[in-house]
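Here the structure is laid out as structure tokens; the discussion comes afterwards.
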Amino acid sequence: MKGLVVENVSKSYGEVQAVNNVSFDVDKGKFLTLLGPSGCGKTTTLRIIGGLVTPDSGSVKILEKTVTHLPPWKRNCGFVFQSFALFPHMSVKENIAYGLRIRKLKKNEIESRIQRVSTLLNIQELLHRKPHQLSGGQQQRVALARALAIEPDILLMDEPLANLDAKLRDRLRFELRDLQRETFTTTVYVTHDQEEALALSDRILIMHQGKVEQIGTPQEIFSQPATIFVASFIGRNNLLLGKVLERRNSEEAVVLCGGITLLGRFLQPLSSDEDVVAVVGAQDFEIAGGEQNQEDNINAINVITGSVKTIIFSGTSYTIMLITSAGELRVEVSSEEFEKKRVRLGDRLSVIARQVKILSAGG
């Protein structure tokens, strides 16, 4: 059963097309993340789902019921915003109870639900505090408790971790995922943080300029980007412009990128001599071994030689910026490999691309 179906939804503000013919669905009990840069339309899409914005065209269904023109209070949606939007004059208990009282539930049912969600979120000891007496993480749990207390058909979350420090944000990702699985609540989550999206989601929808670029599992989005925008936005990929030299088979081709020869795998159908983009993840390199002459590597397939411009230490890894004939290249290697090869600024260095993906330059 579908928890949510969005069909051909569009929304404009004057001459600005915020959402352009967007369609997707979410299975009941699953977690979908709308991911993209600021201004791509993801928050507007979320607000359309919740009834806070009326679309110019298209439809929204929740549990197979059309709700396109229903007000928010008739959609049974739970909201968690970036600011948490807790009522400052109310206690935690009163904040959680607010939506239940609006729905005119009986007192014993309200108490039962408050007890249930406060236990679920481990905030029983906070019920009599005011929001200003809580930490950021505690406020986030209260906002979640308030949203879940109404037993929503769908939970809508707009960058709820954005205002928290990095360590707390990382910990709460795990708590959010466990909570969603435990409650089996259909969830739509908005973020511009790709690590957050990859960690939390059953599926990710990438948006750009109001349109859907790609939708798929985190693994599909990361390893099989459908467009150049997705390849540039997800992961730490190098994008090298080139041309197809030779098709090896139905799945692989040799491409030439600024004098560098690469063997890669098609991610979409391509014709011979077509302009292409070779996508190589920063993590998909290894430093070439041995004492071989670096100049001998120039024509070797999947070997890239350049000058070391920058070295950045990141604890378990090093990031090396190489200046090559195809442009600047980002390479990430383990600390062990880096220290073994004794890389230094200004060195001529050859690296091997273990995995290359090929996209049309017009994609």
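Quick note: residue numbers are just sequence positions, from 1.
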Is the NZ or CZ atom of Arg146 positioned over Phe87's six-membered ring, under 6.0 angstrom from the centre and within 45° of the axis?
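Relative to the ring axis of Phe87, which defines the angle, Arg146 lies inside both limits.
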Going through the checks in order, is the side chain to side chain donor-acceptor pair (under 3.5 Å) test met by Gln138 and Arg141?
CA-CA 5 Å; Gln138 290 169 337; Arg141 289 187 178 91; over 6 Å; no
What is the distance from atom OG1 of Thr43 to atom NE2 of His192, rounded to the nearest 0.5 Å?
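One finds 10.5 Å between OG1 of Thr43 and NE2 of His192.
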Rounded to the nearest 0.5 Å, what's the gap from OG1 on Thr310 to CE on Met321? Could you check?
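Atom-to-atom, Thr310:OG1 and Met321:CE are 6.5 Å apart.
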Please tell me if the side chains of [X] and [Y] come closer than 4.5 Å, counting only heavy atoms from C-beta onward.
X: Gln124; Y: Ser118; result: yes
X: Glu175; Y: Leu172; result: yes
X: Met207; Y: Val22; result: yes
X: Ser307; Y: Arg348; result: yes

What are the two closest heavy atoms between [X] and [Y], and how far apart are they?
X: Pro160; Y: Val190; answer: CD-O, 4.5 Å
X: Lys357; Y: Pro225; answer: CD-CD, 4.4 Å
X: Ile301; Y: Leu262; answer: CG2-C, 4.3 Å
X: Val9; Y: Pro55; answer: CG1-CB, 4.0 Å
X: Phe184; Y: Lys28; answer: CZ-O, 3.4 Å
X: Leu86; Y: Val142; answer: CD2-CG1, 3.8 Å

[Y] reachable from [X] in the ILVMFWY side-chain graph, under 4.5 Å edges:
X: Val6; Y: Ile154; result: yes
X: Ile311; Y: Phe313; result: yes
X: Val53; Y: Val16; result: no

Answer yes when [X] and [Y] have at least one side-chain N-carboxylate O distance shorter than 4.0 Å, and no when they do not.
X: Glu213; Y: Lys211; value: no
X: Arg173; Y: Asp170; value: yes
X: Arg330; Y: Glu332; value: yes
X: Arg177; Y: Asp202; value: yes
X: Arg116; Y: Glu151; value: yes

Going through the checks in order, is the salt bridge (charged side-chain N to carboxylate O under 4.0 Å, His left out) test met by Asp25 and Arg203?
CA-CA 10 Å; Asp25 59 64; Arg203 289 199 304 161; 3.5 Å; yes
Residues Gln180 and Tyr189: side-chain donor-acceptor under 3.5 angstrom:
no
Take atom NZ of Lys65 as the centre, draw a 6.0 Å sphere, and report whether it contains more than 12 heavy atoms from other residues, nucleotides or ligands.
no
Does atom NZ of Lys11 have more than 12 heavy-atom neighbours from other groups under 6.0 Å away?
yes
Go through the steps to decide whether Ser335 and Thr316 satisfy the test side chain to side chain donor-acceptor pair (under 3.5 Å), and finish with yes or no.
CA-CA 6 Å; Ser335 294; Thr316 59; 5.9 Å; no
Quick one: which of Glu109, Glu111, Gln115 gives a side-chain hydrogen bond (donor to acceptor under 3.5 Å, both in side chains) with Arg113?
Glu109
